[in-house]
Amino acid sequence: MIASRSPIVRLGVRAASPLAIVIAVYLLFAGHNRPGGGFAAGLVLGAVVTLRTLAGLQRPTHATGLITSGVVLVAAIAFIPLLWGDPLLDQQVGSIELPVLGKVKSGSALPFDIGVTAIVMGLIVALLDGLSDPTAEGGDPAPVEQEERR
Amino acid sequence: MMWLLLGAHGLGIGLAAAAGGRSLRAGLAVAAIAPAATAGWAAAALLRDRPPEPTSLVWVDGLDLSIRFQADGLALLMTLLVSGIGALVFLYGTGYFNPGPGARFPASLLAFSASMLGLVWADSVWTLFIFWEFTSITSFLLVGHKHEDPTVRAAARRALMITGAGGLVLLAGLLVLTSEIGSSTLTDLAPVSGPTATLAAILILVGAATKSAQVPFHVWLPGAMAAPTPVSAYLHSATMVKAGVLLVAVAGPAFVDVAAWKVLGLSFGITSLLWGAIGALRHRDAKLVLAWGTVSQLGLMITLLALGEPKATFAGVSMLFAHALFKAALFLVVGEIDVRTGTRDIAALGGLSRTMPVAFGVAVAAGLSMAGAPPLLGFMTKEAAIEAALKLSGPDRAIALGAIIAGSVLTVAYTTRFLFGAFGRGPATAVAPRRLAMTVPAVILAGAGVLGFVAVATVNGIVGPAAAELDPEAGTFLLIQWPGLKTAFVISMAILASGAALGTALSRHDHPARPAPATLGADAVDRSIDGLLSISPRITALVQHGSLPVYLATLATAAVLAATPFATELTLDHLVWWDNPLQGGLALGIVVAAFAGAFVSSRLGAALTLGAVGLGVSGLFVVHGAPDLALTQLLVETVVVVGFVLGLGHLTRRFPPVNGTWRGVRIAVAGASGLGAMIALAAASAQPTGRAPLAELTSQSVEEGGGDNIVNVILTDMRALDTLGEVVVLATVAIGILSLARVRRQEAATRGPA
Amino acid sequence: MNTLIALTIIAPLLGAATGLAFRTNSRARDASTLLGTGVAAAAAVWILVRVADTGSHVMAVGGWNPELGIVLVADLFAALVLPVALLIIFVVEIFAIGQRRTAWGANPELAGPLLGVLTAGVSLAMLTGDLFTLFVAFELILVSSYVLLTHQGQRGQIRSGMTYVVMNLLASTLFLLGLAVVYAATGTVNMALLAERVPELPTGVRVGIGAWFFVVFGTKAAIFPLFSWLPDSYPTAPTTITAVFAGLLTKIGVYAMIRFHTLTGMDDLGTIMLLIAGATMVIGAIGALAQSDVKRILSFHIVSQIGYMLMGLGLFSAAGTAGAILFLVHHMPVKTVLFLVGGLIENHQGTSALDRSGGLAARRPLIAALFAVPALSLAGLPPFSGFVAKFAVISAGIEQEATPIVVVALFAGALTLLSMTKIWLGVFWGPSPELAAAPARAVGNRRTMVAATGLAVAGTLAISLFAGTLFELSQRASEDLRSPAAYISEVTS
Amino acid sequence: MRKHVRPRRLATLVALTLAWCALWRDISAANILAGAVIAIVVTSIGVGTPGTGGIRLRPLTRLLWLVAVDLVRSTIVVAREILTPADRTEESIIAVATPVQTRDHLLLLVVAITLTPGTAVVDADPDTGTLYVHLLHHDGRDVAIDHINALARVAAEALPTIGTGS
Amino acid sequence: MNTFSAIVLLLAGVVALLAGIGVLRFSTSYARLHAAGKASPIAFIIASVGAALDLGWAGAGLLGIAVFAMTLTLPVGVHLLFRAVHRTGDNSHLAIDELAPAERYGSQHPLR
Amino acid sequence: MIHLIALGCFAVAGLCGTYRLLIGPELADRVIALDVALMCLMGAITVDAARRDDTTYLILLVVIAIVGFTATAAASRFLEHTPGQSGDTRPSGKRTEP
Amino acid sequence: MSVALLLTVGGLTATGMYLVTSRSLSRIILGFSLLGHAAVVALVTAGGPAGEAPIAGRDGALTNPVPQALALTAIVISFGLTLFLLALAGRQQQLSGDDLVEDDLEDQRIARVRPDDDPAEVET
Ligand code: NA
Ligand code: NA
């Protein structure tokens, strides 16, 4: 019998997910110097979540948690500089020299972008929640199918 | 001291409300204390001839709004009336009302009393205005005391709307006047002239006329008789309606050079004098007779004050004093009749002179004072008025004299008719036992009319200084007990004789079976208010039709209109066809896809077309040199298309058909909007007055922002606040979507497994 | 001072986020959202005290110069309006806690956090010295209000929410297009720089920009003929939500208009503004007369009263602007209180329809008193703040010899009085209808609701009492706005 | 189950690390280290394929080659189809039983078949290994089935399951 | 190298053009899916090869990831569309349909 | 110049896709047409990158390639779950009043 | 300023406005998406001519990054609002079976206008 969900999609999405996540992480980190950034990263992750939902794979379900932590993170990043008298949202840039890796430079823009990513992802998780119609009738209830591990 | 007295009133309001919660009578008794004290204070100040110190309290300095009190002679006279009669009315009320709770009434009445004090003490036009408005509100509450009755509600509304609208006209007039004079102090009012002054004069007179129930604004006053009789006696005869007269009196000096003041004042006064008296003769309800009589008497006072002659002013002030006493007494008697017989119809009543002898005595004393018969206070004031008219010259003399004589004849006639109707002739109406609390105040007030004649010196000591405040020369006149057989006296006697004859004659025609006379005017006001209320939906429907597309088209049209100024600056010099040919191609593709998407009839087809537009825009960003935008646009487009497909998929596949005319409107509005946007952008970019500091942006981005991608540095650093806001927007949207999802789930759960 | 300014924005956001995190524990949730708005309100009051004393304060967010970054400017205008707005939200939150069960329906835990977002948006909108950030702040305010309006998902709310959302979205889109035009013309979105650069533009472009933003802000402010969305949407929301909307949202549009149009010297638009102001006053008042539901009457009054503020602005004189500012400050709490009383009425009678109510003055004299104060204030009767505000605007009109608008304003005042009378006669007087017998769903902590309303009424009385001080501050704020040189130098130095 | 070496997981890690470096357009120590860390994290949170089993490079290369050839052929076939005016297609959907043992093979096969001219996978039954293939030209049915079976064999060789050998 | 890569890119363009024409010309949904699902990714792959020749290792790496990702995801998408067409469209023109008897589906929501 | 011709080919192909997107008739046709348009955009970006010798925009290709089929997947998943209703071309059965 | 971009803005605004004034909520949402595109393109257009991506260290004239950042914010906000509208439309569809925007009942009651008289009525 043919299942209502395509196994091929599940396979394809599962195979593509790690690469997509790596790309999202790249966008997040590279954004400050190249095209990318927190939004793009969040949207890529959101697309992954969408695909996994469509394919019936496991995916994050706690939109509220993502949103809450994202908002707290960006709000905190915004407010922390005031604690030592800097203005709101003043960026703290720091760099350290590491033995193998060389000079590593980063700033508070990165956690800010991470917060952005979390919120964007949360929004898409919420959207998938909101668009799934609990009243739709017929068919198998099709709970999220567990990943087969062999 | 004045603040202290007002404070006592405030305290009294609280106490009266508290006591009234248990017993209305107790509340009234408590409420009487503050007015009694105030009356005593005013009497003392008058007798010692030492006016109290002026006092003031700044409220809004920048607008010259402040509470400034100065109790001069006129104010003290009015204080005596307001608080003296007030105390008596409270006392009377303890007899008038049946036992039971009623916290609001004594509190409201005392609040009115306090407002009236503020009004008479006012030394600034704004103080006067503020308390003027208070009296309108408290009057509304008091008129509507028995609000379960729809006619009472209508009467209250009518009174509030006329006096309220009058208040607004007065506000305008006072604003014009003060901007002309440059001061708001009443005692500083300097004579003004010119068109602005004329405008101020008209507005102020109209405002005064609404309050003092001058024709044609009098229509609220008979309706206000729906209030309990103590209220009628207090507000609608003795005090509040005098506010307009007082205003005419105090503002008069400013308008001595304004012709309109006198003309309009006399028009109001004389019309009201005559029409009010005729009204009093038409009605059979004793309260209405008195109320119409009040309109008439107020008209007489305004006539006298508007003349602007010292003797007339003096007569007007005297009349103000005398009228308060006799009219309040008459109302109290009518209230007693009402309570003890259950009716006020003078045609139905009869023979009360036997069953209510004390009330009869009061009615005769007060009524004759109103008719101007000796030896009563009313006689002296009427005499003064006739003399004042005789002293005039030119057309004023004929007009004033004629009006006063005609008015007085009618006054005597309705007084006679009232006295005969209620107390004379016919079988005695059955009466309930006498209530002392009702009798005593009436006797005091009527007695004051008699006493006023006897102790004329004291009256002159009160009236003279009051008149002097308005016109120093007016203070030089005196009321005279026995003027001798002068012209005025002869006229006076002729008036009495002919009026009595007329009244007796008319009294014979009163019959309970005859229908009550039509109310003239009041209906018209109610109808126009109701008409306003019923036409308002039609006006509203023109703009508030409830159709969202029309609202949106309206907004778009407004935007197009707003963009038209740009067209005047449109130049084409700075325009190029494209920055590079790819841009042109993509633009073409986008526009074609967008147009097609607008007209495609498949819902999901349209959604996918939107996706194509998104791709095109994204390409445009690539061409423009905006990789971040292109990237974000692409990803956003993906999610949006997913949302469309999954969110709206279950809908009917095709859009509903579109109505022809409206579609034409939409196309026109849409086309104009597109054009407007283009013109605005093109015109705005022709001569920019500033540019972004690109070099600084680049260097600062690297040095301070620590990043090469300037757009990202702007987003996460320079304009991170925007980003913060925008992600909170997203978070909020997520909350909204989740909550709607939960509603759906809950509904699905309550509906149970299908 | 930087911290105070930041707190007005960040504290409610953090309160909202923690409130959301604690959404299953009602006490913790209420406490955190209340704390968030409370801190913001306290900070705003403090800002007012400091700014009134020492003058404007400029915070360059992130430490960037205004050419590059965003500035938050606590000038007297912002400092004056902000505490009033935030205190309103605070009081309404207390009211909402009393009314929770009935007001929040299906999603009781969301209102607090959403009000927190709204608060942050309001603070940002008032403090920002950047036109684009103003757009973002508008969106924050609007999106939280969209969700507040529709999150219970009832049919009427969805329908009216649609009207509200779509209309405001179109205005937002026009805002964005306007921003593009402004940027094309001046190369900046910083308001101080705009104040320098806009007046140098060719007349057509300058007037066009002014007119465009007049339409944008006017839609948010619900001016004629762009107001129709308001009476359709506000009355359907739960009372507390409507109370906040009524008190705040349209006023933010007016606020933006006062700031933008004075700062950029759009005096040319005065005549058209006065025309629109007159139409807004009268049509709003007539619309109110046509209604037979307390909340709808009050909603139309919002429109009518916007006309007075617009009149003050349209006079383009120091006195007129001061009047508009005072009117703004007075109207926010008064309108909120009226809707809260509307909520009490509904709570006691189960309806706010006039023809199904009556006799409440006898049964609930306290509610009658709580209604009377703001109602008289709205009608412009002394000694309430509405009188002072209307007086200020009208006397400014007389000073400018703008007779027609003064006449219209007085006429609209009479209409307002009439419709307040209509509510009074319909709800408080007259016979008690049988229907009003203890509605089954009227639960919630009435004492909290009445206390919150009482607090708000006390607030409006305080505004009446201190109208002198407030007007003086309004005058100073108006003078600052009308002479942008100081603003420019403060921001750009 | 998991006591064997897992070359396929290692290959995934290497590939992801390389991808990370490629994204940064720079193969440095820092990038390799960071890439490896990210790859390990990503593969261990369970979003990807389990990564068990082996991987053989030679068959994989052969598969790639076959697919590349198919690509070219596909291009030519489609081009001919598009450019000739007459419509010579006769479509059908046929069931093809394949010897696929794991789902990874299935995916590999689907990709390969879809890039093959004239064939496309409409559906699959992973339990029986049956593929439902759409043919643009029904007359080429037998050739297509043979080709699919050949691809399946190579795929199975490329990704051997532990314990089963080829 | 530059000219060669340019020619490769042109070839990619031509293939893309073929895909476009195919999508326009073919008469059944299945056939259109064949044209789009094969020719267009091929066009992209060819273009990537051409561009990689120009852009060197840095570009080749990125293009390689893109090509890999697309060869992984595109067949999946095409498969889904085929499946959708089969389930919803008109299959009467098929010579043989061995899938139809084996198919089972409900009217579930796509996200469940 | 050759680059521009190649770009032109992609543009024309994209327009062909867009046209199919507009005419349908099946939803699947529209979806695949959008996919073609997307591919053309990708190809064009690739050619443009070669033309400009600029790798900045290549990340776009990576991102589209990995998640670009999300919309396709959603649309087809949607389609296959509403059997008998795919009649994008068929008149709808129910007309609802506002 | 490029006429191509101006025409894009104008065309998107016009089509967007046409869709927005429709009675079908899904068309309205489509319209807002188009208007959002128009605004974003307008912002980018306002920033000046096309050029190199605004990344420090590149040769050639960089495009103006400021409107790009503004446009990005605008994209994201309009993205969020579009999703919210979609959710609203979904709810509306669930409640009434369609996505047509209904007229305000109270307004109609007050105006005593029958729905057929409404000029914006699209159903035939
Ligand atoms: Na009689
Ligand atoms: Na009623």
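The sequence lines fix the lettering, A, B, ..., with proteins before strands; numbering per chain opens at 1.
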Legend entry - Listed once per pair and sorted, the ring-ring contact (aromatic ring centres under 6.0 Å, His included) pairs that draw on residues 584-634 of chain B, sequence neighbours left out: B:Phe599-G:Tyr18
Inset, instruction - List the atom of B:Glu726, the atom of G:Leu72, and the distance in Å for their closest heavy-atom pair. - result: OE2-O, 4.0 Å
Legend entry - Under 4.5 Å from a heavy atom of chain G, the part of B:Val576 involved: both
Legend entry - Residue part contacting chain G, namely of B:Leu694, when any heavy atom lies under 4.5 Å: side chain
Legend entry - chain G contact via B:Leu629 - side chain, backbone, both or neither, heavy atoms under 4.5 Å: both
Legend entry - Nearest non-hydrogen partners of B:Leu697 and G:Pro65, listed with the distance: CD1-CG, 3.9 Å
Legend entry - Nearest-0.5 Å distance, CG of residue B:Asp579 to CG of residue G:Leu5: 6.0 Å
Legend entry - Top contributor to chain G interface from B:Leu730, B:Leu552, B:Leu610 [non-hydrogen pairs under 4.5 Å]: B:Leu610
Legend entry - Close side-chain approach of B:Arg666 to G:Met17, heavy-atom, < 4.5 Å: no
Inset, instruction - Using modelled atom types only, decide if a donor and an acceptor are shared between the side chain of G:Thr63 and the backbone of B:Gly625 within a distance under 3.5 Å. - result: yes
Inset, instruction - Identify which of G:Val44, G:Leu81, G:Leu12 forms the greatest number of heavy-atom pairs closer than 4.5 Å to chain B. - result: G:Val44
Inset, instruction - Identify the residues of residues 706-718 of chain B whose heavy atoms come closer than 4.5 Å to a heavy atom of chain G, ordered by number, or report 'none'. - result: B:Asp708, B:Asn709, B:Ile710, B:Val711, B:Ile714, B:Leu715
Legend entry - Top contributor to chain B interface from G:Gly16, G:Ser33, G:Ala56 [non-hydrogen pairs under 4.5 Å]: G:Ala56
Inset, instruction - Specify which of B:Gly736, B:Ala606, B:Pro688 makes the most heavy-atom pairs with chain G at under 4.5 Å. - result: B:Ala606
Legend entry - G:Leu70, part contacting chain B, at a heavy-atom distance under 4.5 Å: side chain
Inset, instruction - Among the options B:Ala684, B:Ser699, B:Ser685, B:Ala734, pick out the one with the most heavy-atom pairs lying under 4.5 Å from chain G. - result: B:Ser685
Inset, instruction - Enter the distance from G:Gln94:CD to B:Leu740:CG here, rounded to the nearest 0.5 Å. - result: 9.5 Å
Inset, instruction - Among B:Glu637, B:Arg691, B:Gln583, single out the residue with the greatest number of heavy-atom pairs under 4.5 Å to chain G. - result: B:Gln583
Legend entry - Heavy-atom pairs under 4.5 Å with chain B, option from G:Leu30, G:Ile75, G:Thr82, G:Ile55 with the top count: G:Leu30
Inset, instruction - Ignoring hydrogens and angles, state whether a donor on the side chain of G:Thr73 or B:Arg719 is under 3.5 Å from an acceptor on the partner side chain. - result: no
Legend entry - Gap between atom CG of B:Leu548 and atom CG of G:Leu100 - 0.5 Å precision: 12.0 Å
Inset, instruction - Count the heavy-atom pairs under 4.5 Å between each of G:Ile28, G:Thr45, G:Leu25, G:Val20 and chain B, then report the option with the highest count. - result: G:Val20
Inset, instruction - Let me know if B:Leu681 has heavy atoms under 4.5 Å from chain G in its side chain, its backbone, both or neither. - result: both
Inset, instruction - Sort G:Gln68 into side chain, backbone, both or neither according to what part of it lies under 4.5 angstrom from a heavy atom of chain B. - result: both
Inset, instruction - Measure across B:Phe644 and G:Ser26 and return the closest heavy-atom pair with its distance rounded to 0.1 Å. - result: CE2-O, 4.0 Å
Inset, instruction - Look at G:Leu88, G:Val9, G:Ile77, G:Val76 and state which one has the largest set of heavy-atom pairs under 4.5 Å with chain B. - result: G:Val76
Legend entry - Pick from B:Gly676, B:Ser673, B:Ser701, B:Ala677 with the largest number of heavy-atom pairs that fall under 4.5 Å of chain G: B:Ser673
Legend entry - Nearest heavy atoms of B:Gly674 and G:Thr13, plus distance in Å: CA-CB, 3.9 Å
Inset, instruction - Could you tell me the separation between the CD atom of B:Glu747 and the CG atom of G:Leu95, rounded to the nearest 0.5 Å? - result: 6.5 Å
Inset, instruction - Among B:Ile737, B:Val729, B:Val640, B:Val623, single out the residue with the greatest number of heavy-atom pairs under 4.5 Å to chain G. - result: B:Ile737
Legend entry - Least distance between heavy atoms, B:Ala587 atom then G:Ala4 atom: CB-O, 3.5 Å
Inset, instruction - Just give me the residue among G:Gly80, G:Ala46, G:Pro54 that pairs up with chain B most often, heavy atom to heavy atom, under 4.5 Å. - result: G:Pro54
Inset, instruction - Please state whether the side chain, the backbone, both or neither of B:Val600 comes within less than 4.5 Å of a heavy atom of chain G. - result: backbone
Legend entry - Heavy-atom pair of closest approach, residues B:Pro549 and G:Thr21: CB-O, 3.3 Å
